[in-house]
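In listed order, ligands and their atoms are each counted from 1.
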Amino acid sequence: MKIYLATNNKHKYEEFVEILNHSSLLLPAQEGIAFNPEETGNTFFENAMIKARSLYELVKTPVLADDSGLCVKALGGAPGIFSARYSTPPNSTENRADYGINKLLKEMEEKTERSAYFACCIVLYISESRFFVFQETCKGEIAKEKSGNKGFGYDPIFFIKELGKTMAELTAEEKNQISHRGKALQKCSLILNNLANEL
Ligand code: IMP
């Protein structure tokens, strides 16, 4: 069974493939489908539904969508649903990952309250009338400087106290065990297995 993943983010795709171990997970771009819906929702859930619905309208076959981001307590939950936009440099020649990280480190310079969490909402969209939602979080702190070169996005400054490492210092397997996306996908995988005979 083909399942489309409603994203253009190759890092997310890799994590989905590793965790779901699903052989027919497809990116729209791999099939020449242009996909770039406007994320007009106010929550991770609303944006995940927007992505899922708009890709489903194009492919009419089951779709998985992910909307995720980093919520920082000292910044009132920002960048939150704007995490991707927050890390988009005005000048396209700048490195996107570094831009968001440096901007956040600067905003956090004077802050002693450094707790944060990643959130990930995954929608498994079977049809207009049938879908499943999984939302999970991963708690951590905003480090004072970058460390590690694995993962993507804000991983180098997301410090996990219990492990004494940033997310970017974890192997893919370690990250997938504890991450927001890993935990949501572990639950999603149970439902997918349950639906295997009917999809
Ligand atoms: P989305 O594609 O609109 O869901 O944007 C999610 C953004 O949140 C990404 O571009 C990253 O900046 C950030 N993000 C989400 N998940 C992770 C993660 O696992 N590690 C680091 N950054 C993440």
Report task. Determine, using heavy atoms of Ser179 and all atoms of ligand 1, whether some pair is separated by less than 4.0 Å. Result -> no
Query raised in the report: With a 4.0 Å cut-off on heavy atoms, is Arg85 touching ligand 1?
Result: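 It does not; every heavy atom stays at 4.0 Å or beyond.
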So [Y] and [X], do their side chains get closer than 4.5 Å, heavy atoms only?
| X | Y | value |
| --- | --- | --- |
| Ser24 | Ile3 | no |
| Leu75 | Lys111 | yes |
| Ser189 | Asn193 | yes |
| Pro28 | Leu58 | no |

Query raised in the report: Is the shortest N/O to N/O distance between His180 and ligand 1 below 3.5 Å?
Result: yes
Report task. Give yes if a backbone or side-chain nitrogen or oxygen of Asn9 is under 3.5 Å from a nitrogen or oxygen of ligand 1, and no if not. Result ->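 No - when backbone and side-chain N and O of Asn9 are compared with those of ligand 1, no distance drops under 3.5 Å.
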Report task. Could you label the plane-to-plane angle of the Tyr154 and Tyr86 rings as parallel, tilted or perpendicular, counting under 30° as parallel and over 60° as perpendicular? Result ->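 Rings of Tyr154 and Tyr86: tilted, 30 to 60°.
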May I ask you to identify the nearest protein heavy atom to [atom], giving residue, atom name and distance to one decimal place in Å?
| atom | value |
| --- | --- |
| atom 8 (O) of ligand 1 | Ser83 CB, 3.4 Å |
| atom 22 (N) of ligand 1 | Tyr154 N, 3.2 Å |
| atom 9 (C) of ligand 1 | Phe152 CE1, 4.3 Å |
| atom 16 (N) of ligand 1 | Arg181 NH2, 2.9 Å |
| atom 20 (N) of ligand 1 | Asp155 OD1, 2.7 Å |

Query raised in the report: Has Glu198 got more than 12 heavy atoms of other residues, nucleotides or ligands less than 6.0 Å from its CD?
Result: yes
Query - Reference residue Phe152; test side-chain contact (heavy atoms from CB on, under 4.5 Å); the match among Glu15, Lys10, Met167 - result: Glu15
Where ligand 1 meets [X] - atom numbers and elements under 4.0 angstrom, heavy-atom basis:
| X | answer |
| --- | --- |
| Gly153 | 21 (C), 22 (N) |
| Asp67 | 1 (P), 3 (O), 4 (O) |
| Lys51 | 1 (P), 2 (O), 3 (O), 4 (O) |
| Lys175 | 18 (C), 19 (O), 20 (N) |
| Lys12 | 1 (P), 2 (O), 4 (O) |

**Report entry** Closest to atom 23 (C) of ligand 1 among Phe158, Phe118, Phe44 (heavy-atom distance)
**Finding:**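 Looking at heavy atoms only, Phe118 sits closest to atom 23 (C) of ligand 1.
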Report task. Check each of Cys138, Ala84, Ser68 against atom 6 (C) of ligand 1 and report the one with the nearest heavy atom. Result ->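 When every heavy atom of Cys138, Ala84, Ser68 is considered, Ser68 comes closest to atom 6 (C) of ligand 1.
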Report task. Return yes if a side-chain donor-acceptor contact under 3.5 Å exists between Ser115 and Glu113, otherwise no. Result ->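 Indeed, the side chains of Ser115 and Glu113 share at least one donor-acceptor pair under 3.5 Å.
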Have a look at ligand 1 and work out which part of [X], if any, has a heavy atom under 4.0 Å from it: side chain, backbone, both or neither.
| X | value |
| --- | --- |
| Glu39 | side chain |
| His11 | neither |
| Tyr86 | neither |

Query raised in the report: Atom CG of Leu105 and atom NZ of Lys146: how far apart are they, to the nearest 0.5 Å?
Result: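 NZ of Lys146 is found 8.5 Å from CG of Leu105.
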Report task. Starting at CG of Asp67, measure out to CZ of Phe45 and round the result to the nearest 0.5 Å. Result ->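 The CZ atom of Phe45 is 11.5 Å from CG of Asp67, to the nearest 0.5 Å.
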**Report entry** With Asp155, the salt bridge (charged side-chain N to carboxylate O under 4.0 Å, His left out) member among Lys150, Arg181, Lys175
**Finding:** Lys175
**Report entry** Which atom of Leu70 lies closest to which atom of Ala116, heavy atoms considered
**Finding:**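 Looking at all heavy atoms of both residues, the shortest contact is CD1-CB, 4.2 Å.
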